[in-house]
Amino acid sequence: MNTEFAFVPLYWHIIAISLLLIIATYILVKDSSRYILLLLMVNIFGTMPQFFGYYFYDEFFTLILSISFILIHVQRKGYEELKQIFSKKYTIFIIFFSLYMSLQSIIGIIENEDIRILRWFIFYLGLIPLYMSVSLSLENSKINGSHIILLIFIYLFIYLLIGVYFDFSYNDKFSPQNMLVSGTSYAFFPILLLYIAMYLSIQKKQYPWKINNYIVVAFLIFLGMYFDSRLIQVSLIIWIFSLLSIKKYLLWMKMISIYTAVVIAYVVYQYTWTTVEYSQIEQIEQIEQIEQIEQIEQIEQIKGHIQPDLIVRGLITYIDHNIIGSFLVFFEDNGSDFTRSLQTEAMMNIANDSNIVRILFGYGVYSHRVLMAKRMNFLLNENLAYILISEKASLIHNSRSDAGKESLIYRTNAFNAFMIDFGLVGLILLISLYIVLFKILIKQKDHYTYSIITILGLSFVWLFFSNILDMYLLYLMLIPGFINKIIKGKVEI
């Protein structure tokens, strides 16, 4: 089996979509108070499967459910509540944001002569019924933190099982990300909602917290290490240290102990019972010629034999690469993040070559793919020797980059794509969504306010590492009242 082309046949997608649509519609008609729960389910599980290279499920079901809920609500209760929502200033802002992004989609269709961009036009217009339906449903919806923790844990466990299956069967746990499931940085975005829901367990001092949520934390550490996802590992460290700000000192010590224990156990396993190759090289910065890569010394340990020196090296590598390196990525170039810094450089070069109109309003949706390709091909070729040396010198197995790939289009992270496609005006509008939400949370002076703001702020940081612009869950988390409903079980807008 060629795992590079593993995918689900079209007829299975059609069958799955049809069955799920029937079930979701039945539940919604039967009990509309389950709407938020249904919305969360499709926006958590819908981020995983690929539909021939696209993440289609969450978009499709979110649009169908949100429009259906509005129609059901209006039929049962009339237009009065809908009129009240339209009278709010924030509603006008959401509509403006949606229309601006939709207009950029039309520009993208014209500029790139690509009718497929119509999908983005529908997506951004869909923000209006999404906001309306959520606002209408929050007061009577049935949802709590325990539901979210369970849903996301099941979702992540399924993702892990898929990776483990391909790892043991075909020795490549990342191959399903080609055509079967989403990449790790995209797939793991829902953990931010998981962190927020876990505050609820602490706040209410629920008994299951003492057992189940410790398991969840340990599982997240393992998941992050297994897929080498520093977004999970670093965000979890930030969440653990946020416990200090709410004076949960004993809980913080327990979390740190669990984190340390799982990391040590995983590294010991990796360097004892699996075949791990690592490289040693001195004075990498002095190597300028690609031919000198041959000087790198490859060492392989004996399977099943404990070698303390290798385990120590593994732990040092973990701290340096996964923790310190991750926090420094915004300040200096390093090994596996070097191509990301090149992408930022390419984006800045495009901005420097653009006129003031393009800088303010961008080039239209998907224009970044073509504009980035020419510059990235040049930058990657120019720095190819350094990139290959950095990858060879990395102690992290299975590191991946875009080195050596000559292409006509280039897919970059969400921030670079956003700046090129939507310009500074689009960025200001997006940042305004965060500012408005943070102001609402700060006014409430809740015990967990700044911890929650920190976690929500990580969703913006996520834009620098993955393109999550087509993820409704991102915008759902920014809707006023939604986070309050999860944390407090009530709505304050």
Inset, instruction - Count the heavy atoms of every other residue, nucleotide or ligand shown that sit under 6.0 Å from CE of Met48, and state whether that count exceeds 12. - result: yes
Inset, instruction - Taking the side chain as every heavy atom from C-beta outward, state whether Thr25 and Ser68 have any pair of such atoms under 4.5 Å apart. - result: no
Legend entry - Any side-chain donor near an acceptor of the partner, Tyr159 and Ser182, under 3.5 Å: no
Inset, instruction - State whether the side chain of Asp167 and the backbone N or O of Gly163 hold a donor-acceptor pair below 3.5 Å, judged by distance alone. - result: no
Inset, instruction - Over all heavy atoms of both residues, which pair between Thr412 and Ala417 is shortest? Give the atoms and the distance, please. - result: CG2-N, 3.7 Å
Legend entry - Phe418 vs Met101, side-chain contact (heavy atoms from CB on, under 4.5 Å): CA-CA, chis, key distance, verdict: CA-CA 10 Å; Phe418 202 92; Met101 305 294 274; 3.4 Å; yes
Inset, instruction - Measure the spacing between CZ of Phe189 and CE of Met477 and express it to the nearest 0.5 Å. - result: 5.0 Å
Legend entry - Heavy-atom closest pair, residues Phe438 and Leu456: CE2-CB, 3.8 Å
Legend entry - Within-4.5 Å side-chain heavy-atom neighbours: Leu458 and Ile455: yes
Legend entry - Val74 side chain reached by Tyr79 side chain, heavy atoms, under 4.5 Å: yes
Inset, instruction - Check the side chains of Ser133 and Tyr35 for a donor-acceptor pair under 3.5 angstrom, ignoring hydrogens and angles. - result: yes
Inset, instruction - Give the intermediate values and the outcome of side-chain contact (heavy atoms from CB on, under 4.5 Å) for residues Leu194 and Val216. - result: CA-CA 10 Å; Leu194 173 65; Val216 171; 4.0 Å; yes
Inset, instruction - Mind checking the CZ-OH spacing from Phe188 to Tyr155? Nearest 0.5 Å is all I need. - result: 7.5 Å
Legend entry - side-chain contact (heavy atoms from CB on, under 4.5 Å) assessment of Leu433 paired with Tyr90: CA-CA 9 Å; Leu433 289 176; Tyr90 187 80; 3.4 Å; yes
Inset, instruction - Indicate the atoms forming the closest heavy-atom contact of Phe121 with Ser102, along with that distance. - result: CD1-O, 3.4 Å
Legend entry - Side chain to side chain, Ile27 and Ile23, heavy atoms closer than 4.5 Å: yes
Inset, instruction - Examine distances only and state if a side-chain atom of Gln233 and a backbone atom of Gly224 form a donor-acceptor pair shorter than 3.5 Å. - result: yes
Legend entry - Test applied, ring pair (Phe, Tyr, Trp, His ring centres under 6.0 Å); reference residue, Tyr55; option that passes from Phe123, Phe61, Tyr186: Tyr186
Inset, instruction - Answer with yes or no after comparing the ring centroid distance for Tyr100 and Tyr124 against a 6.0 Å cut-off, counting only values under it. - result: no
Inset, instruction - With rounding to the nearest 0.5 Å, note down the distance linking CE in Met372 to CG in Leu342. - result: 9.5 Å
Inset, instruction - Decide side-chain hydrogen bond (donor to acceptor under 3.5 Å, both in side chains) for Tyr199 and Ser242; before the verdict, give the C-alpha distance in whole Å, the side-chain angles of both, and the deciding distance to 0.1 Å. - result: CA-CA 10 Å; Tyr199 285 125; Ser242 73; 2.6 Å; yes
Inset, instruction - Assess whether side-chain contact (heavy atoms from CB on, under 4.5 Å) is satisfied between Thr47 and Asn43, documenting all intermediate values. - result: CA-CA 6 Å; Thr47 59; Asn43 278 282; 5.7 Å; no
Inset, instruction - May I ask you to decide if Ile240's main-chain N or O and Tyr195's side chain share a donor-acceptor pair within less than 3.5 Å? - result: no
Inset, instruction - Measure the acute angle between the ring planes of Phe222 and Tyr226, then classify it against the limits of 30° and 60° as parallel, tilted or perpendicular. - result: parallel
Legend entry - Heavy-atom side-chain contact between Ile95 and Tyr131 under 4.5 Å: no
Legend entry - Side-chain touch Thr184/Leu231, heavy atoms, less than 4.5 angstrom: no
Inset, instruction - With rounding to the nearest 0.5 Å, note down the distance linking CG in Leu99 to CD1 in Ile94. - result: 11.0 Å
Inset, instruction - Taking the side chain as every heavy atom from C-beta outward, state whether Phe415 and Thr344 have any pair of such atoms under 4.5 Å apart. - result: no
Legend entry - Partner set under salt bridge (charged side-chain N to carboxylate O under 4.0 Å, His left out) for Asp31, not counting sequence neighbours: Arg34, Lys142
Legend entry - Passing candidate, ring pair (Phe, Tyr, Trp, His ring centres under 6.0 Å) with Phe241, options Tyr249, Tyr259, Trp252: Trp252
Legend entry - Over all atoms of both residues, closest heavy-atom pair of Ile117 and Gly108: CD1-O, 3.4 Å
Inset, instruction - Would you list the pairs meeting side-chain hydrogen bond (donor to acceptor under 3.5 Å, both in side chains) in which at least one residue belongs to residues 424-442, sequence neighbours left out? - result: Tyr434-Ser459
Legend entry - Nearest heavy atoms of Leu40 and Leu193, plus distance in Å: CD2-CD2, 3.6 Å
Inset, instruction - Determine yes or no for a side-chain-to-main-chain donor-acceptor pair under 3.5 angstrom, with Glu59 supplying the side chain and Trp120 the backbone. - result: no
Inset, instruction - Working to the nearest 0.5 Å, report the span between CD1 of Ile221 and CD1 of Ile237. - result: 8.5 Å
Inset, instruction - Looking only at non-hydrogen atoms, find the nearest pair between Ser367 and Asp421 and report the distance. - result: N-OD1, 3.3 Å
Legend entry - Other residues, nucleotides, ligands: >12 heavy atoms within 6.0 Å of Tyr450 OH: no
Inset, instruction - Starting at CD1 of Ile152, measure out to CD1 of Ile44 and round the result to the nearest 0.5 Å. - result: 4.0 Å
Inset, instruction - Report the C-alpha distance between Gln343 and Tyr410 in whole Å, list the side-chain angles of each, state the deciding distance to 0.1 Å, and finish with yes or no for side-chain hydrogen bond (donor to acceptor under 3.5 Å, both in side chains). - result: CA-CA 10 Å; Gln343 293 175 37; Tyr410 194 90; 3.3 Å; yes
Legend entry - Check: Leu478 and Phe482 side chains under 4.5 Å, non-hydrogen atoms: no
Inset, instruction - Taking Thr91 for its side chain and Ile85 for its backbone only, find out whether a donor-acceptor pair lies under 3.5 Å. - result: yes
Inset, instruction - Enumerate the residue pairs fulfilling salt bridge (Lys or Arg N to Asp or Glu O under 4.0 Å) with a member in residues 451-475, sequence neighbours excluded, ordered by first and then second residue. - result: Arg119-Asp470
Inset, instruction - Please answer whether the main-chain N or O of Gln84 pairs with a side-chain N or O of Ser87 as donor and acceptor at a distance below 3.5 Å. - result: yes
Inset, instruction - Name the orientation class of the two ring planes belonging to Tyr472 and Tyr475 (parallel below 30°, tilted from 30 to 60°, perpendicular beyond 60°). - result: perpendicular
